[in-house]
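Positions are given from 1, in the same order as the sequence printed here.
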Amino acid sequence: SVSEVSGTLTQVSTMNKTIQLTTNGGSLTLTWSDASYLPRNLNDFLNRKVEVEYQTVNGENRLRKLKPD
């Protein structure tokens with residue numbers, strides 16, 4: 001199933017293909033792939049509110065979509 005959450009984008013690692021969000025429920029780390037729908041320059045969204053869609057597969061949070069909140 002797909003989960004949706006809003007939070008502040010606090011970290012982007014292009015080497016590891018991960019982002020970190022701070023949400024009301026705490027910190028959330030997500031991994032993206034070529035299939036993820038992302039804005040061109042993720043770093044432009046650092047410290048801004050974003051909304052994400054993700055799926056948890058084999059214990060890993062896989063990012064499907066990131067957009068400004």
Side-chain angles (χ1 to χ4, degrees):
S1 70
V2 176
S3 300
E4 285 189 33
V5 69
S6 295
T8 302
L9 183 62
T10 55
Q11 204 168 38
V12 175
S13 171
T14 51
M15 191 181 340
N16 297 328
K17 290 191 169 185
T18 60
I19 63 167
Q20 193 161 1
L21 289 183
T22 300
T23 69
N24 289 341
S27 186
L28 181 64
T29 301
L30 302 158
T31 304
W32 77 80
S33 69
D34 293 339
S36 303
Y37 179 75
L38 303 171
R40 247 175 226 251
N41 189 352
L42 268 178
N43 290 315
D44 288 349
F45 293 90
L46 273 172
N47 301 313
R48 289 178 53 192
K49 286 284 235 183
V50 295
E51 191 175 285
V52 296
E53 281 182 15
Y54 70 97
Q55 282 181 295
T56 303
V57 181
N58 297 329
E60 180 180 74
N61 296 322
R62 297 194 182 165
L63 183 63
R64 291 169 43 106
K65 186 187 288 184
L66 182 143
K67 60 185 177 184
D69 191 9

Can you tell me which residue among Leu9, Asn61, Leu63 is in a side chain to side chain contact (heavy atoms under 4.5 Å, CB included) with Leu21? Leu9

Can you sort out the partners of Asn16 under side chain to side chain contact (heavy atoms under 4.5 Å, CB included), two or more places apart, ordered by chain and number? Ser13, Thr18

Would you say Thr23's side chain and Gly26's backbone share a donor-acceptor pair under 3.5 angstrom? yes

Taking the side chain as every heavy atom from C-beta outward, state whether Trp32 and Val12 have any pair of such atoms under 4.5 Å apart. yes

For residues 10-37, the salt bridge (Lys or Arg N to Asp or Glu O under 4.0 Å) pairs (sequence neighbours left out) are Lys17-Asp34

Which residues pass the side chain to side chain contact (heavy atoms under 4.5 Å, CB included) test with Gln20, sequence neighbours left out? Thr10, Gln11, Ser27, Thr29

Identify, with sequence neighbours excluded, every residue that meets side chain to side chain contact (heavy atoms under 4.5 Å, CB included) alongside Pro39. Leu42, Phe45, Leu66

Give me each pair satisfying salt bridge (Lys or Arg N to Asp or Glu O under 4.0 Å) with a member in residues 1-10, each pair once, sequence neighbours excluded. none

Inter-residue atom distance Gln55.CD - Ser1.OG, 0.5 Å rounding: 7.0 Å

Report the residues that fulfil side chain to side chain contact (heavy atoms under 4.5 Å, CB included) with Asp69, sequence neighbours left out, ordered by chain and then residue number. Ser6, Lys49, Glu51

Listed partners of Glu60 passing side-chain hydrogen bond (donor to acceptor under 3.5 Å, both in side chains), at least two apart: Arg62

Sorted by chain and residue number, the side-chain hydrogen bond (donor to acceptor under 3.5 Å, both in side chains) partners of Asn41 (sequence neighbours excluded) come out as Asp44

Only pairs at least two apart or in different chains count here, so list each salt bridge (Lys or Arg N to Asp or Glu O under 4.0 Å) that has a residue in residues 18-31. none

What about Leu30 and Tyr37, same hydrophobic cluster or not, with Ile/Leu/Val/Met/Phe/Trp/Tyr joined at side-chain heavy-atom distances under 4.5 Å? no

Test log, rule side-chain contact (heavy atoms from CB on, under 4.5 Å), inputs Leu38 and Ile19: CA-CA 11 Å; Leu38 303 171; Ile19 63 167; over 6 Å; no

